[in-house]
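Take a look at the structure below.
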Amino acid sequence: MLKVCPLPNTLKAMTDAHDCIHCHDVLPDYSSNERRTWAVVALTFITMIAELVVGYWSGSMALTADGWHMGTHVGALALAALAYWWVRRQRGNRRYSFGAGKALALAGYTNAMLLGVVAVIMVVESVERLLTPVPIKYDVALIVAGVGLLVNLASAALLGHGHDHGHDQAHEHDHDHSDHDHVHEHHDHNLKAAYLHVLADALTSVLAIVALLVGRFAGFPLLDPIMGIVGALVILYWGLGLVRATAGQLLDKTPNPALVETIRAQLEAMDDSRVRDLHVWEFAPGRYGCIVSLTCSHPRELAEYRAAILKDARIHHLTVEVATA
């Protein structure tokens, strides 16, 4: 897993150097997340077709509209599933220096932007309903909201299980790292984006059911568009958080500044070592790279610097350069 390259004036010989395993060969297995996402795509697609057919047959605009709304989620979820498929196809492709894992962050970023679009559309429609109220068919609308809620809860259960337990299976065979890891290992933004899509839909269904029940039995129909605005703001908040997280990974933002300082302190505590350059980044969910360049008047064995770095971090692509001060 390690590439240890001395600078030209290093005192160390190359006898203790290790070859670097290419990052695309150590990417996690996302097949479980991929299967879950495709299952949710299928479930959402079937629900969409059923709502469109029944809506057209019954003349229910509410049912038809929810069917098309489901269609937008089919597209977003299919994008997430296709990202897993594409990354799996690129395993071993050496044209990607650090593997193709960032495609998952790119898909997550795109879906986060789509969440923002959905939120804006919800606000616009809700404001229009506030300004120009329309009669609500409570019985049909409640049935639609109930069916949508059940489908989204089932979808969230599938994706939530992968989100909670889709940790890095490869770590079971990784014996070079400490259990005291300062970086979280399961930021699969692609799965999180898909999860937030179904969770957002479930939230809108819950708010709609509450508003419809109040409107039907308390005679307050304006609660329906008000709940629409509330739901849109929550979805927008989720989307912005996901945009920040995915953009950080795409731009190689340091995943944990405290970890960088810990690595620096560990190395500079060794004799008179001074860190000249230090970079830590995330090249795939739960996969971190680290490049360190340091100087020392009397360099130690390279394995000692490696052990100091891996003491508090799980690094999957490590390059250490040691030069004579």
Checklist entry - Does a side-chain heavy-atom distance below 4.5 Å link Trp85 with Thr37? => result no
Checklist entry - Is Leu191 reachable from Val41 through a run of hydrophobic residues whose side-chain heavy atoms are each under 4.5 Å from the next? => result yes
Next on the checklist: The test is side chain to side chain contact (heavy atoms under 4.5 Å, CB included); show your working for His197 and Leu114 and say whether it passes.
Outcome noted: CA-CA 9 Å; His197 266 282; Leu114 291 177; 4.3 Å; yes
Checklist entry - Would a distance-only check, ignoring hydrogens and angles, find a side-chain to backbone donor-acceptor pair under 3.5 Å from Glu268 to Val275? => result yes
Next on the checklist: Side chains of Val292 and Thr319, heavy atoms from C-beta outward: is any pair under 4.5 Å?
Outcome noted: no
Item to check | Transitive ILVMFWY side-chain link Val53 to Val74, under 4.5 Å | outcome: yes
Next on the checklist: Would you say that more than 12 heavy atoms from the other residues, nucleotides or ligands in this model lie under 6.0 Å from the OH of Tyr138, or not?
Outcome noted: yes
Checklist entry - Checking side chain to side chain contact (heavy atoms under 4.5 Å, CB included) for the pair Trp238/Val234: CA distance, chi angles, key distance, verdict? => result CA-CA 6 Å; Trp238 290 345; Val234 173; 3.6 Å; yes
Checklist entry - How are the rings of Tyr30 and Tyr84 set to each other: parallel, tilted or perpendicular (split at 30° and 60°)? => result tilted
Next on the checklist: So, taking the atom named CG in Leu149 and the one named CG in Leu142, what distance separates them when rounded to the nearest 0.5 Å?
Outcome noted: 11.5 Å
Checklist entry - Tell me, do His73 and Asp201 make a side-chain contact under 4.5 Å, heavy atoms counted? => result yes
Checklist outcome for this item: All heavy atoms of Pro225 vs all of Arg129, minimum pair found to be CB-CB, 3.8 Å
Next on the checklist: Between Met113 and Val243, is there a side-chain heavy-atom distance shorter than 4.5 Å?
Outcome noted: yes
Item to check | His316 side chain to Tyr288 backbone, donor-acceptor under 3.5 Å | outcome: yes
Item to check | For the student: nearest non-hydrogen atoms of Gly231 and Met122, plus distance | outcome: C-CE, 4.2 Å
Item to check | Contacts of type ring-ring contact (aromatic ring centres under 6.0 Å, His included), residue Trp86, not counting sequence neighbours | outcome: Tyr96
Checklist entry - Do Ser205 and Asn152 pass the side chain to side chain contact (heavy atoms under 4.5 Å, CB included) test, and can you show the C-alpha distance, the side-chain angles, and the key distance before you say yes or no? => result CA-CA 9 Å; Ser205 296; Asn152 285 298; 4.3 Å; yes
Item to check | Arg274 side chain to Thr295 side chain, donor-acceptor N/O pair below 3.5 angstrom | outcome: no
Checklist outcome for this item: To the nearest 0.5 Å, atom OG1 of Thr262 lies from atom NZ of Lys311 at 10.5 Å
Next on the checklist: Would Leu153 and Ser155 count as a side chain to side chain contact (heavy atoms under 4.5 Å, CB included) here? Give the steps.
Outcome noted: CA-CA 5 Å; Leu153 288 178; Ser155 300; over 6 Å; no
Checklist entry - What heavy-atom pair brings Cys290 and Ile263 nearest, and what distance separates the two atoms? => result SG-CD1, 4.4 Å
Next on the checklist: Is the shortest side-chain heavy-atom distance between Arg306 and Leu310 below 4.5 Å?
Outcome noted: yes
Checklist entry - Does atom CZ of Arg264 have more than 12 heavy-atom neighbours from other groups under 6.0 Å away? => result yes
Next on the checklist: Quick check on side-chain contact (heavy atoms from CB on, under 4.5 Å): which of Val260, Asn256, Leu318 does Val280 satisfy it with?
Outcome noted: Val260
Checklist entry - Are Leu233 and Leu240 in one and the same hydrophobic cluster, where Ile, Leu, Val, Met, Phe, Trp and Tyr link if side-chain heavy atoms are under 4.5 Å apart? => result no
Checklist entry - Under 4.5 Å between any side-chain heavy atoms of Ser273 and Tyr305, yes or no? => result yes
Checklist entry - What distance separates Ile209 CD1 from Asp224 CG, expressed to the nearest 0.5 Å? => result 11.5 Å
Checklist entry - Sub-3.5 Å donor-acceptor pair from the side chain of Asn111 to the main-chain atoms of Ala193, do we have one? => result no
Item to check | Connected via hydrophobic side-chain network under 4.5 Å: Ile229 and Leu131 | outcome: yes
Item to check | Between CG on residue Leu77 and OG1 on residue Thr72, distance to nearest 0.5 Å | outcome: 9.0 Å
Next on the checklist: Check this for me: Arg244, atom CZ, are more than 12 non-hydrogen atoms of other residues, nucleotides or ligands nearer than 6.0 Å?
Outcome noted: no
Checklist entry - Which atom names give the shortest non-hydrogen contact between Glu282 and Lys102, and what distance separates them? => result O-CE, 3.6 Å
Next on the checklist: Do Met227 and Val210 have side chains that approach each other closer than 4.5 Å (heavy atoms only, starting at C-beta)?
Outcome noted: yes
Checklist entry - Is the centre of the His189 ring less than 6.0 Å from the centre of the Tyr109 ring? => result no
Next on the checklist: Would you compute the distance between atom CG of Leu158 and atom CZ of Arg35 and round it to the nearest 0.5 angstrom?
Outcome noted: 12.0 Å
Item to check | Shortest non-hydrogen separation from Ile315 to Gly289 and the atoms involved | outcome: CG2-C, 4.2 Å
Next on the checklist: As an exercise, state the distance from CG of Leu213 to CG of Leu223, rounded to the nearest 0.5 Å.
Outcome noted: 10.0 Å
Checklist entry - Do Val206 and Leu236 share a hydrophobic cluster (ILVMFWY, side-chain heavy atoms under 4.5 Å, transitive)? => result no
Checklist entry - With a 4.5 Å heavy-atom cut-off, do His298 and Asp272 have their side chains touching? => result no
Checklist outcome for this item: Scanning both residues in full, the closest heavy-atom pair of Ala100 with Gln90 reads CB-CB, 3.8 Å
